[in-house]
Amino acid sequence: MQESIELMREANSLLAEGHHTQAALLYQQSLSLQPDNAVAVHNLSALRMGADSNDQRISGLYLCQAAATLLGSDQYRADYALALTHLGKGKLALRYLQAHADRFQNKDALQRLQGQITASLGLTRAALNSVLKRKPAPLTFEALNKLHQNGQHELVISSVHKALDLEVRDWRIWHLVSSAHRQSSQAHQALGAARAAQCFSPDAASLHVFSLELMSFGGLHYMANACARQSLKRIGEDPELLATAAFACAQDEKPEDAVTLFEQSSKAAREHVRFRFAYANALSEAGRQSDAAAEALKLARAHPEDEAVLLGALRILNKPGSGALMKEVFDVLDSNGVKITHPAGHFFRALMHQDLGQSDEALKIVEAHFDPKSPPTDEQANFAMVAGKLYDKVQAYDKAYAMYELGNQIHGNLSVSLGRISPSAFPARVRLLYSDLTSKAEDSLSAHTVKSAPDAPQIAFMYSFPRSGTTLLDTIFRTHSDIEVLEEQPTIRDTLLDAHFGDAPHEHGVSWSELLDTFYKTEPERLQELYLNNLARLNKAPLDPGKVYIDKMPLNTPFARLIKYMFPDSRVIFSVRDPADVITSCFFQNFLMNDGMYHFTSVERAVAIYDQVMNFWVKAEEILDLDVSYVRYEELITDLQGVVQPIVESLGLPWEDSLVDFWKTAREREVIRTASADQVIQKLYTTSKGRWTRYSALNNGALAPLEPWRKHFGYA
């Protein structure tokens, strides 16, 4: 296909310019459109072989063999032999070259290559003859499939690795290798083998689906979304592929695209259960929770005896305040005698009872069906976190802590092992921003001015640290008729990316150092324009100059200098809470994992991140001329009007009595995006104050490093 060739040529240009990540993305898109494009396969393999990661080099090896098998040129076969040698498989390389000697056009080049590899291995003539006499290990789909079905995934991989001197043309074998790597949580190798499988069965929709799922499995959501569009061009309207594409859109933070994809598809495709679930998920991600719930309930009623469908509906409905809707699904399930075989069913039933205020019933389910020794999975971790909350409610604090500890341990370990997060990424970013702050200390920005657009609204920024009361403040402020709150959206990150890439696609893997460099080379007025565009996009509505917009993101604290650079006159609302309660609350929350939230899966890591962020904040206050309104959480919950009214008035707005009844507004919101969602729909309560003192595990010195901060903020 011509478009595939054009994508490959563009990738070649990017590769020549050193843009490896973007080149890889375009090669992948080219292969989604034309999976048997041997040149694109070969070029992507070369890129992977040059990576520092051994996982990526193995992926490159698979692609290199597929390219050599597809094209059969001297160069591609020689490159494959060198790739084998580079990965310590020189003897296999020699046997491969010997097996294909008759197919080489340039016999002299072949002999030189054989001599080069032989010399690198230090083989004598006798040893070389012994190597070449060995017969290739037998390799059949049937034998490998039997190993795979028995769960012997490592044996599948090792069996194929011993036979890499053979040409593997059977796509089923490559698919087994890919599946085995996936079962072993090896995302890069799995994707390389999946692409090799597609080389030999380019029109199999199931293989396109599998490759896209592997991209998402490896956290490559942008790539999955981009490649899904190309796969649809190749395959057409396959329901499974459409569903996978819709999920990819949502995971790439473009749920509206998934909604459009569903609504523009044929009626027959829209009847497919998985595609409808993808649609419901996209509706939920787009903030249309009532529409998502309606779609989930339709699916449950249409498939009243299908446990998998019913559990899928419960996943969509699993939001704070949805206990009654979840009960409708369980009523369908129970009235049809569906037996729950998956642990998720018990987990959702416990959640339902918890949401309906039936904690005793929820706890009975936990104690009857939760096995702490079960294999570590995301749902096992979620179940443990719910168990912790329920034990906390009945004041069984030691049991509660043990469950929180288990859930966090599973979440953290899975996130690292599956490559979902980088443990060092967030601390490294804060260090970089701290260095940026202090290196520019002489330029405090006190005299810095930016000419704002005449129709630009007033912007205030709310940051601090997670679980410090920012969601409560957010919910109170948004009750005001002239205040809009943007809840935990990546406005600053996206502005940095827009400044760096302009109209080009955002390249994954760009360093924060590069982003900062571009940021300061961009005119502040232009940065402000980019920010306001992102604010409107993420708020899903045009900006109203008559309103005040509050950008609430707790971990925007390290961006304080960048925010001051863009908006020199902006107000900052900073929420303070007892650091010991903050860390306790962070550790007890079932956060969605990302590079920042990972650090809350351990008390020790959470304390270290708190210390790092607050050190930044103290230095920022010292250097920058910030207009800060402090809100002490403990005072907020006892004197809401006394704390909030001065801030509202400082924003140039009148006080409104409705702010006191903020919890009523919260219950009307379709989506609350933070871990505090189930708390801010309630009236104010004080039971979270001093929560850490109830746990013996937190009173043995684990929180001792926080004492300087407790003194700093007046809590000790």
Side-chain angles (χ1 to χ4, degrees), residues 28 31-32 34-38 40-42 44-45 48-49 54-72 76-77 79-81 83-84 87-89 91-93 95-100 103 134-215 217-218 231 235:
Q28 293 283 9
L31 290 174
S32 292
Q34 189 180 356
D36 54 355
N37 182 340
V41 175
H42 179 266
L44 182 59
S45 77
R48 292 286 180 254
M49 288 301 301
N54 190 62
D55 291 352
Q56 291 201 49
R57 290 196 292 268
I58 293 294
S59 172
L61 182 68
Y62 295 156
L63 292 166
C64 198
Q65 202 211 71
T69 304
L70 279 172
L71 196 61
Y76 281 21
R77 287 200 172 102
D79 285 347
Y80 177 58
L84 283 168
L87 286 170
K89 302 178 186 293
K91 293 179 181 179
L92 281 174
R95 290 204 289 271
Y96 173 81
L97 291 172
Q98 181 72 10
H100 297 88
R103 302 181 189 179
R134 291 179 188 170
K135 294 182 179 180
L139 194 66
T140 66
F141 168 74
E142 289 72 22
L144 291 172
N145 192 40
K146 186 174 181 179
L147 293 174
H148 189 265
Q149 289 177 341
N150 290 334
Q152 296 174 284
H153 308 301
E154 294 296 335
L155 196 51
V156 170
I157 296 166
S158 63
S159 297
V160 172
H161 280 208
K162 290 175 183 176
L164 286 173
D165 49 338
L166 299 172
E167 283 189 340
V168 181
R169 291 182 175 272
D170 189 338
W171 69 266
R172 299 175 302 168
I173 290 177
W174 284 119
H175 185 58
L176 283 178
V177 175
S178 181
S179 298
H181 277 300
R182 180 175 185 173
Q183 291 296 325
S184 302
S185 300
Q186 296 166 336
H188 287 296
Q189 299 98 311
L191 183 56
R195 282 304 197 193
Q198 286 185 272
C199 289
F200 305 105
S201 185
D203 291 317
S206 62
L207 295 183
H208 283 261
V209 167
F210 192 66
S211 289
L212 295 172
E213 289 177 342
L214 288 172
M215 292 172 195
F217 168 70
S231 288
I235 300 301

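Small disclaimer: the values here were computed from a predicted structure and weren't measured. What you see below is based on every heavy atom in this structure, not just the backbone, and it leaves out hydrogens, waters and symmetry mates.
- Closest heavy-atom contact between P35 and V41: O-CG2, 4.0 Å.
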In residues 173-180, what donor-acceptor pairs under 3.5 Å come from side-chain atoms, sequence neighbours left out?
residue : atom : partner : partner atom : Å
W174    : NE1  : V168    : O            : 3.0
S178    : OG   : A190    : O            : 2.6
S179    : OG   : H175    : O            : 3.0

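- Residue pairs satisfying the salt bridge (charged side-chain N to carboxylate O under 4.0 Å, His left out) criterion with at least one member in residues 135-150, sequence neighbours excluded, are absent.
- Smallest separation of non-hydrogen atoms from A38 and A67: O-CB, 3.8 Å.
- Taking all atoms of both residues into account, the shortest heavy-atom contact from L191 to Q28 is CD2-NE2, 3.8 Å.
- For H100, the ring-ring contact (aromatic ring centres under 6.0 Å, His included) partners are Y96, not counting sequence neighbours.
- Looking at residues two or more places apart in sequence or on another chain, you find a side chain to side chain contact (heavy atoms under 4.5 Å, CB included) between A187 and F217.
- In terms of the side chain to side chain contact (heavy atoms under 4.5 Å, CB included) criterion, residue partners of I58 (sequence neighbours excluded) are, by chain and number, N54, Y62, L87, H161, Q189.
- The side-chain hydrogen bond (donor to acceptor under 3.5 Å, both in side chains) check on R172 picks up D170, with sequence neighbours excluded.
- Listed by chain and residue number, L147, N150, L155 satisfy the side chain to side chain contact (heavy atoms under 4.5 Å, CB included) test with Q152 (two or more places apart in sequence, or in another chain).
- Taking R95 as the reference, D165 meet the salt bridge (Lys or Arg N to Asp or Glu O under 4.0 Å) condition, with sequence neighbours excluded.
- You'll find the side chain of H42 reaches within 4.5 Å of the side chain of D79, heavy atoms only.
- Looking only at side-chain heavy atoms (C-beta outward), T69 and Y76 stay at 4.5 Å or farther from each other.
- Considering only residues two or more places apart in sequence or on other chains, R57 meets the salt bridge (Lys or Arg N to Asp or Glu O under 4.0 Å) condition with none of them.
- Remark: S211 pairs with Q198 by the side-chain hydrogen bond (donor to acceptor under 3.5 Å, both in side chains) rule, at least two apart or across chains.
- Atom OH of Y80 sits about 4.0 Å away from atom CD of Q65, to the nearest 0.5 Å.
- S184 is linked by a side chain to side chain contact (heavy atoms under 4.5 Å, CB included) to H153, E154, I157, Q186, counting only residues two or more places apart in sequence or in another chain.
- Shown here are the salt bridge (Lys or Arg N to Asp or Glu O under 4.0 Å) partners of R195, two or more places apart in sequence or in another chain: there are none.
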